[in-house]
Protein chains: 2
Amino acid sequence: MDTVATISPELRMTGNRQIVLEVLRGTTAHPTAHQLFLLAREQQPQLGFATVYRTLDLLVKHHLAQEVFRDKDGAAHYDANVTRHDHAICDRCGRIEDVSAPLHALAYAIVERSSGFHIQWHASAFSGLCADCAADAE
Amino acid sequence: MDTVATISPELRMTGNRQIVLEVLRGTTAHPTAHQLFLLAREQQPQLGFATVYRTLDLLVKHHLAQEVFRDKDGAAHYDANVTRHDHAICDRCGRIEDVSAPLHALAYAIVERSSGFHIQWHASAFSGLCADCAADAE
DNA sequence: CTCCTTGCAAATGCTTTGCATTTAT
DNA sequence: ATAAATGCAAAGCATTTGCAAGGAG
């Protein structure tokens with residue numbers, strides 16, 4: 001099941017952009033722009049970080065990636081999975097897990113009913129202890 | 001119903017801190033640190049913005065305020081309402097509304113059931129059009 | 001040739017920190 | 001007198017932008 005379009009008609013897929021997109025698709029770690037820069041630079045040593053930021057903007061505009069949340073430092077985290085989903089962040093090990101439950105659909109209904117908002121976008125991040133760390137902490 | 005403690009045993013309530021807390025309690029606009037600085041400075045002209053940031057850290061640590069979300073510019077927004085609740089942000093008029101529905105309780109149950117996380121904190125922000133703007137746009 | 005892309009460096013915006021001074025206990 | 005709080009300026013991050021050089025159509 002491929003939920004993500006491989007190419008976008010309007011976006012010229014240069015070598016740099018291809019590498020950034022491949023690196024993002026090759027991880028489930030929800031990297032920041034800077035983390036992506038470090039990974040992509042392994043394959044393209046003269047890559048500049050401004051290119052990564054510009055590429056991420058383009059990928060988001062063309063729905064090939066999404067910014068999923070901002071961490072406590074204010075750094076944006078990206079995901080090549082462009083379906084709407086939420087995230088759970090472990091305060092202990094730093095793991096970031098997708099929340100696959102259709103929370104957003106429920107949330108939209110509740111928010112729209114209670115406030116009258118017509119929701120177009122949302123970001124939810126939950127933090128605490130992941131199952132493994134909670135077990136360790138006992 | 002006062003959900004907020006007026007004082008905290010460990011926190012020395014200096015004049016500056018009192019003013020920042022009063023300004024935050026006097027608004028439902030979920031201001032940023034800089035907006036709070038501007039408002040508080042009206043009552044205390046020689047106030048420095050570093051003091052506001054330091055005060056906000058303290059207020060959060062002492063549960064007299066919370067950081068409710070970060071906007072697209074990465075700026076943190078604060079709230080003297082320390083109960084857990086979500087926010088809806090209008091893309092058109094910029095209004096930030098509390099979502100009073102007990103979304104978080106539902107979300108916690110769903111996330112905990114699906115991922116095994118023990119949630120301690122969360123931030124959810126929804127954006128779209130508020131009821132008024134949606135009506136205007138028709 | 002012309003436009004888009006890129007790298008570098010500088011600039012920006014939010015926040016934190018170092019440090020000397022003032023204030024409270 | 002001892003410790004905490006404050007203002008100011010400088011530093012720190014994440015991100016954006018100006019600009020000149022490089023590359024594709």
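At a threshold of 4.5 Å between side-chain heavy atoms, the hydrophobic network of Ile, Leu, Val, Met, Phe, Trp and Tyr places B:Val82 and B:Val68 in two separate groups.
Summarising the geometry, the separation between CZ on A:Arg41 and C1' on C:dG7 is reported as 13 Å, rounded to the nearest angstrom. Distance A:Gln46 CD to D:dA21 P: 18 Å, rounded to the nearest Å. The CZ-P distance, from A:Phe37 to D:dA14, rounds to 13 Å in whole Å. Distance CG (B:Leu47) to P (D:dC8): 9 Å, rounded to an integer number of Å. At whole-Å resolution of the value, OH in B:Tyr78 and C1' in C:dT15 are 9 Å apart.
In this model, the phosphate group of C:dT23 is not approached by any side-chain N or O of B:Asn16 to a distance below 4.0 Å at OP1 or OP2. Residue A:Tyr53 places at least one side-chain N or O closer than 4.0 Å to OP1 or OP2 of D:dT15. In terms of phosphate contacts, A:Thr14 brings no side-chain nitrogen or oxygen within less than 4.0 Å of OP1 or OP2 of C:dC4.
The backbone N or O of B:Thr32 lies less than 3.5 Å from a partner atom in the side chain of B:Gln35, making a donor-acceptor pair. Using a distance-only test at 3.5 Å, with no hydrogens or angles considered, no donor-acceptor pair links the side chain of A:Glu97 to the main chain of A:Ile89.
Place A:Arg17 and B:His34 on DNA chain C by their nearest nucleotides, and A:Arg17 ends up nearer the 5' end. Taking the nucleotide of DNA chain C with the nearest heavy atom to each of A:Ala50 and A:Leu58, the more 5' of the two is matched to A:Leu58.
Side-chain atoms of A:Arg12 stay outside donor-acceptor range of the base of D:dG25, with no qualifying N/O pair under 3.5 Å.
Listed candidates were C:dT6, C:dT15, C:dA9. Nearest to the side chain of B:Phe49 is C:dT15. In this structure, of D:dA14, C:dT15, C:dT5, it is D:dA14 that holds the atom nearest to the side chain of A:Ala75. Here the side chain of A:Arg70 is nearest to one of D:dT15, D:dC8, C:dT5, namely D:dT15. In this structure, the nucleotide among D:dT15, C:dT5, C:dT15 sitting nearest to the side chain of A:Ala33 is D:dT15.
Among the atoms of the strands shown, base atoms are found under 4.0 Å from some heavy atom of B:Arg54.
Heavy atoms only, all atoms of each residue included: A:Glu67 and A:Val60 are closest at N-CG2, 4.2 Å.
Using a 30° and 60° split on the angle between ring planes, A:Phe69 and A:His77 fall in the parallel class, below 30°.
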